[in-house]
There are 2 protein chains.
Amino acid sequence: MYSIGQTAKLTGLSIDTLRYYEKIGLTKPPVRAKGRLRSYSEEDVRFLISLQCLKKTGLTLVEMKAFLMEGQCYANPYFPLSAEDRETIESRTSILAEHLARMEAQYAALASLMEQTKEKLEVYRELLAKEATKP
Amino acid sequence: MYSIGQTAKLTGLSIDTLRYYEKIGLTKPPVRAKGRLRSYSEEDVRFLISLQCLKKTGLTLVEMKAFLMEGQCYANPYFPLSAEDRETIESRTSILAEHLARMEAQYAALASLMEQTKEKLEVYRELLAKEATKP
DNA sequence: GGTTGACATGGAGTTGACTCCAGATTCTAA
DNA sequence: TTAGAATCTGGAGTCAACTCCATGTCAACC
């Protein structure tokens, strides 16, 4: 179990941010050591790290919250779904599918930008190379 | 030439955002029709669209501004560099290289997230398929 | 010739995501 | 036992990036 300070260091999030995420309900309140101090588990830490990955794909905190609530199983795809009814499964599927589509669009845009950037870099590098071999 | 309203529709940016970008110096002031009304060219529109692509790669407006100023050649890689001195070329090269590295990291993170999401989707779809074939 | 609609300006307000602060509590080391 | 460090709470402040507002100009249509 980690203190809030250790958790901040492990995840790269600030102490304030950890408390903020808890306040807005993005993370569940962690256990309290001695009934007072927040105490984060290994799993909590992994979860916080995966949150940052999701964030990088451009989701807002509110979207992430909705995403995680709807698909509780994000952490564990083998979450007991058999008890869920068909509609719930379909809803989760469509949320994931939409999110995937957005990520794919972003992926394609990134790829094209990277390609352009590489070409420009090449032009510069050639220029520098030519300069270097001048008399 | 397009009015600010038409430009907003074409680019997906709001009228206020177009004026805001101009105010902070991210875009150059467009020609004024009848000395009063902003009038955007095809090229202005293309530029605005490419700004949005850059933005999606996670650059802030300030970074984008610096990026575009430093490497004026972003729009045209064959910009007359011969007149520039070696240091300027090196500076542009390193800005582009750093930006490329960031994009590559983001690209890898996205790929891994997409992979995970696809796996989860697969699990759900199988569940739905099984349900469908039940007695 | 009056109303409508698009656009202008300067400045204020909003939103999301933190970040900081004051004052209190508790444990730890000198 | 007192000073320091880490944490607590509730609430205020900040920053980027818009977004809205009041008021004014102009051209066009009825």
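Side-chain atoms are counted along with the backbone in the values below, which use heavy atoms only and exclude waters and symmetry mates. Lettering of chains follows the sequences in order, A, B, ..., and the numbering in each one begins at 1.
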**Q** Choose from dT9(D), dT25(D), dT7(D) the nucleotide whose nearest atom is closest to any side-chain atom of Arg36(B).
**A**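 Between dT9(D), dT25(D), dT7(D), the one nearest the side chain of Arg36(B) would be dT25(D).
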**Q** Are Glu22(B) and Arg32(B) ion-paired here, with the side-chain N under 4.0 Å from a carboxylate O?
**A**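 A salt bridge links Glu22(B) with Arg32(B).
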**Q** Do any N or O atoms of the protein come closer than 3.5 Å to N or O atoms of nucleotides 17-21 of chain D, and which pairs are they?
**A**
| residue | atom | partner | partner atom | Å |
| --- | --- | --- | --- | --- |
| dA17(D) | OP1 | Leu61(B) | N | 3.2 |
| dC18(D) | OP2 | Tyr21(B) | OH | 2.7 |
| dC20(D) | N4 | Asp16(B) | OD1 | 3.1 |

**Q** Just how far is it from atom CD of Glu122(A) to atom CG of Leu127(A), taken to the nearest 0.5 Å?
**A**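 Rounded to the nearest 0.5 Å, the CD-CG separation comes out at 10.5 Å.
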**Q** Using the rule that two of Ile, Leu, Val, Met, Phe, Trp, Tyr join whenever any of their side-chain heavy atoms come within less than 4.5 Å, decide whether Ile4(B) and Ile24(B) are in one cluster.
**A**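 Shared cluster, yes.
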**Q** With respect to the phosphate group of dT9(D), does any side-chain polar atom (N or O) of Arg38(A) fall under 4.0 Å of OP1 or OP2?
**A**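 Yes, Arg38(A) has a side-chain N/O under 4.0 Å of OP1/OP2 on dT9(D).
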**Q** Any chance you could measure Leu26(A), atom CG, to Lys55(A), atom NZ, to the nearest 0.5 Å?
**A**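 Taking CG in Leu26(A) and NZ in Lys55(A), the distance rounds to 10.0 Å.
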**Q** What integer distance in Å separates Lys34(A):NZ from dA6(D):P?
**A**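 Roughly 14 Å, once rounded to whole Å.
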**Q** Rounded to whole angstrom units, what separation is found between the OH atom of Tyr40(A) and the C1' atom of dT7(D)?
**A**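 Nearest whole value for this atom pair: 11 Å.
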**Q** Report yes or no: do Leu48(A) and Met1(A) belong to one cluster of Ile/Leu/Val/Met/Phe/Trp/Tyr joined by side chain heavy-atom distances under 4.5 Å?
**A**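 No, separate clusters.
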**Q** How many whole angstroms separate atom CG of Leu26(A) from atom C1' of dC18(C)?
**A**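 Spelled out: CG on Leu26(A) to C1' on dC18(C) is 13 Å.
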**Q** Would you mind reading off the distance between Leu18(A) atom CG and dT9(D) atom C1', rounded to a whole angstrom?
**A**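 Rounding to the nearest Å, CG of Leu18(A) and C1' of dT9(D) are 16 Å apart.
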**Q** Would you sort out whether Lys28(B) and Glu43(B) count as a salt bridge (Lys or Arg N to Asp or Glu O under 4.0 Å), showing the intermediate values?
**A** CA-CA 12 Å; Lys28(B) 63 175 206 301; Glu43(B) 197 191 327; 5.8 Å; no
**Q** Using a cut-off of strictly less than 4.0 Å between a heavy atom of the residue and any atom of DNA chain D, enumerate the qualifying residues of residues 2-10 of chain B by number.
**A**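 When residues 2-10 of chain B is checked for heavy atoms under 4.0 Å from DNA chain D, there are no hits whatsoever.
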**Q** State, with a plain yes or no, whether a side-chain heavy atom of Thr11(A) is found less than 4.5 Å away from one of Val45(A).
**A**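 In contact.
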**Q** Are Leu37(B) and Ile15(B) grouped together when hydrophobic residues (ILVMFWY) are joined by side-chain heavy atoms under 4.5 angstrom apart?
**A**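 No, it is not one cluster - the side chains of Leu37(B) and Ile15(B) are not joined through contacts under 4.5 Å.
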**Q** Look at the side-chain heavy atoms of Ile, Leu, Val, Met, Phe, Trp and Tyr, link any pair under 4.5 Å apart, and say whether Val62(A) and Leu51(A) land in one connected group.
**A**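 As far as the 4.5 Å side-chain criterion goes, Leu51(A) and Val62(A) are not connected within one cluster.
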**Q** What is the separation between atom CD1 on Ile15(B) and atom C1' on dG10(C), rounded to the nearest whole Å?
**A**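 Spelled out: CD1 on Ile15(B) to C1' on dG10(C) is 17 Å.
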**Q** Provide, to the nearest angstrom, the distance between the CG atom belonging to Leu37(B) and the C1' atom belonging to dC7(C).
**A**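 Taking atom C1' of dC7(C) as the reference, CG of Leu37(B) is at 6 Å.
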